[in-house]
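Bear in mind the structure is a predicted one, so any value in this text is a computation, not a measurement. Reckoned from all heavy atoms, side chains included, excluding hydrogens, waters and symmetry mates.
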Amino acid sequence: MVKYFLGQSVLRSSWGQVFPAFWQRYPNPYRKHVLTEDIVHREVTSDQKLLSRRLLTKMNRMPRWAERLFPANVAHSVYVLEDSIVDPQNQTMTTFTWNINRARLTVVEERCVYRVISDNSGWTEIRREAWVSSSLFGVSRAVQEFALARFKSKVAKTVKDFEYILAKLQGEAPPKTLVDTAKEVKEKAKETALAAPEKAKDLASKAATKQQQQQFV
């Protein structure tokens, strides 16, 4: 039985901004699991549509019990093909992705459609569908549930990674990630802790000076 997912996201940027941002999403602090990307084919059709195929290498570890079934390089990374069709006339972009290794364990197929929101031409909608299947005898359901849960967790970051790239392309300061914020808080706490003894020493010195002045009065 195939697991199915349907979801929608909204980007508060025009399709004309989202389309070029799509090709510049990596590297990205929200997509650190994407290791490499290569364009293996690209053409413009007679009706002015842009067709592309990319090969992506992603860090995507298997469940620990499944790692024993595959070589280390396969267990820790996955190769994904991505086909895309850009229709500038109708302002739509459709992408199809699927993994080309680990097919025995699980196959995740995804279809995304990027299009202008009908009642707000300045925003872009992403309609995402996914199909998760497994042919591993005896544990296929557990594998599908695991793969679907992981897929959903990564989908939740889609808007954030687009916002990051869109901000960079528009010359704005990209939104900070939780990791960056945590680092800043840690550094500030460290600076405060280091400054505390000096501050206490300074206060003690001022108090002693004030006491001496009072004795001479």
Side-chain angles (χ1 to χ4, degrees), residues 3-45 47-60 78 80-99 108-132 147-182 184:
K3 294 287 184 181
Y4 176 71
F5 171 84
L6 173 64
Q8 291 180 316
S9 304
V10 173
L11 299 172
R12 298 184 179 185
S13 296
S14 67
W15 187 88
Q17 294 170 322
V18 172
F19 157 54
F22 175 82
W23 302 107
Q24 301 180 58
R25 291 169 70 189
Y26 315 117
N28 190 312
Y30 293 101
R31 294 285 174 173
K32 291 183 178 180
H33 65 289
V34 179
L35 305 178
T36 65
E37 59 168 333
D38 297 282
I39 297 174
V40 295
H41 177 75
R42 178 163 282 173
E43 67 172 295
V44 177
T45 63
D47 56 352
Q48 299 305 302
K49 293 178 182 177
L50 175 66
L51 308 183
S52 303
R53 170 168 286 187
R54 290 195 296 181
L55 175 64
L56 306 172
T57 306
K58 300 183 179 183
M59 181 67 69
N60 197 356
V78 61
V80 176
L81 276 180
E82 173 197 85
D83 285 349
S84 61
I85 305 171
V86 179
D87 184 350
Q89 183 175 356
N90 295 309
Q91 291 191 310
T92 63
M93 177 169 63
T94 305
T95 63
F96 306 89
T97 60
W98 67 98
N99 58 294
V108 179
E109 300 170 281
E110 179 188 48
R111 178 178 184 268
C112 293
V113 179
Y114 299 74
R115 59 189 174 194
V116 179
I117 295 180
S118 57
D119 57 352
N120 189 338
S121 60
W123 290 8
T124 304
E125 176 192 68
I126 308 174
R127 186 177 189 274
R128 186 185 311 272
E129 294 179 280
W131 297 264
V132 181
L148 184 60
R150 174 178 282 180
F151 177 83
K152 288 180 178 179
S153 69
K154 291 179 180 178
V155 166
K157 297 179 181 179
T158 298
V159 173
K160 289 184 178 180
D161 77 56
F162 260 111
E163 287 177 345
Y164 180 87
I165 295 300
L166 286 163
K168 288 187 66 176
L169 293 178
Q170 295 167 24
E172 302 173 1
K176 294 179 181 178
T177 66
L178 290 176
V179 174
D180 292 334
T181 303
E184 287 187 4

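Between the side chains of Gln48 and Gln89, no donor-acceptor pair is found at a separation under 3.5 Å. A donor-acceptor pair shorter than 3.5 Å can be found between the side chains of Arg31 and Thr158.
Taking every heavy atom of both residues into account, Val159 and Ser9 meet most closely at CG2-CB, 3.8 Å. Here the shortest heavy-atom pairing between Ile165 and Ala21 reads CG2-O, 3.8 Å.
Phe5 meets the ring pair (Phe, Tyr, Trp, His ring centres under 6.0 Å) test with Phe151; sequence neighbours excluded. Scored by the side-chain hydrogen bond (donor to acceptor under 3.5 Å, both in side chains) test, Lys3 finds Glu145 as partners (sequence neighbours excluded).
A ring-ring contact (aromatic ring centres under 6.0 Å, His included) with Trp131 holds for exactly one of Phe96, Trp98, Tyr4; it is Tyr4.
Expressed to the nearest 0.5 Å, how far NZ of Lys157 lies from NE2 of His33 amounts to 7.5 Å. For the atom pair OG of Ser52 and CZ of Phe22, the computed distance is 8.5 Å after rounding to the nearest 0.5 Å. The NZ atom of Lys32 sits 15.5 Å away from atom OH of Tyr26, with the distance rounded to the nearest 0.5 Å. The line from NZ of Lys49 to CD of Glu43 is 12.0 Å long, rounded to the nearest 0.5 Å. To the nearest 0.5 Å, the span separating CZ on Arg54 from CG on Asp83 amounts to 11.0 Å. Going from atom OG1 of Thr95 over to atom CD of Glu110 covers 6.0 Å, rounded to the nearest 0.5 Å.
Residues Glu82 and Glu37 have side chains not in contact (no heavy-atom distance under 4.5 Å, counting atoms from C-beta outward). For the pair Thr45 and Leu51, the minimum side-chain heavy-atom distance is below 4.5 Å. In this structure, Leu169 and Gln17 have side chains that are not in contact, with every pair of non-hydrogen atoms separated by 4.5 Å or more. Within the 4.5 Å cutoff, side-chain heavy atoms of Leu6 are placed close to those of Arg127. Residues Leu81 and Leu55 form a side-chain contact, since some pair of their non-hydrogen atoms from C-beta on lies under 4.5 Å apart.
A donor-acceptor contact shorter than 3.5 Å links the side chain of Thr124 to the backbone of Ser13. In this structure, the side chain of Asn28 engages the main chain of Tyr30 through a donor-acceptor pair within 3.5 Å. A donor-acceptor distance shorter than 3.5 angstrom exists from the side chain of Asn99 to the backbone of Val108, with no hydrogens or angles considered.
A salt bridge is defined here as a Lys NZ or Arg NE, NH1 or NH2 lying under 4.0 Å from an Asp or Glu carboxylate O, and Glu109 with Arg111 fails to meet this definition.
For Arg42, the CZ atom counts as densely surrounded, since its 6.0 Å shell holds more than 12 non-hydrogen atoms of other residues, nucleotides or ligands.
Between Trp15 and Phe19, the angle of the ring planes stays under 30°, which puts this pair in the parallel group of the 30/60° scheme.
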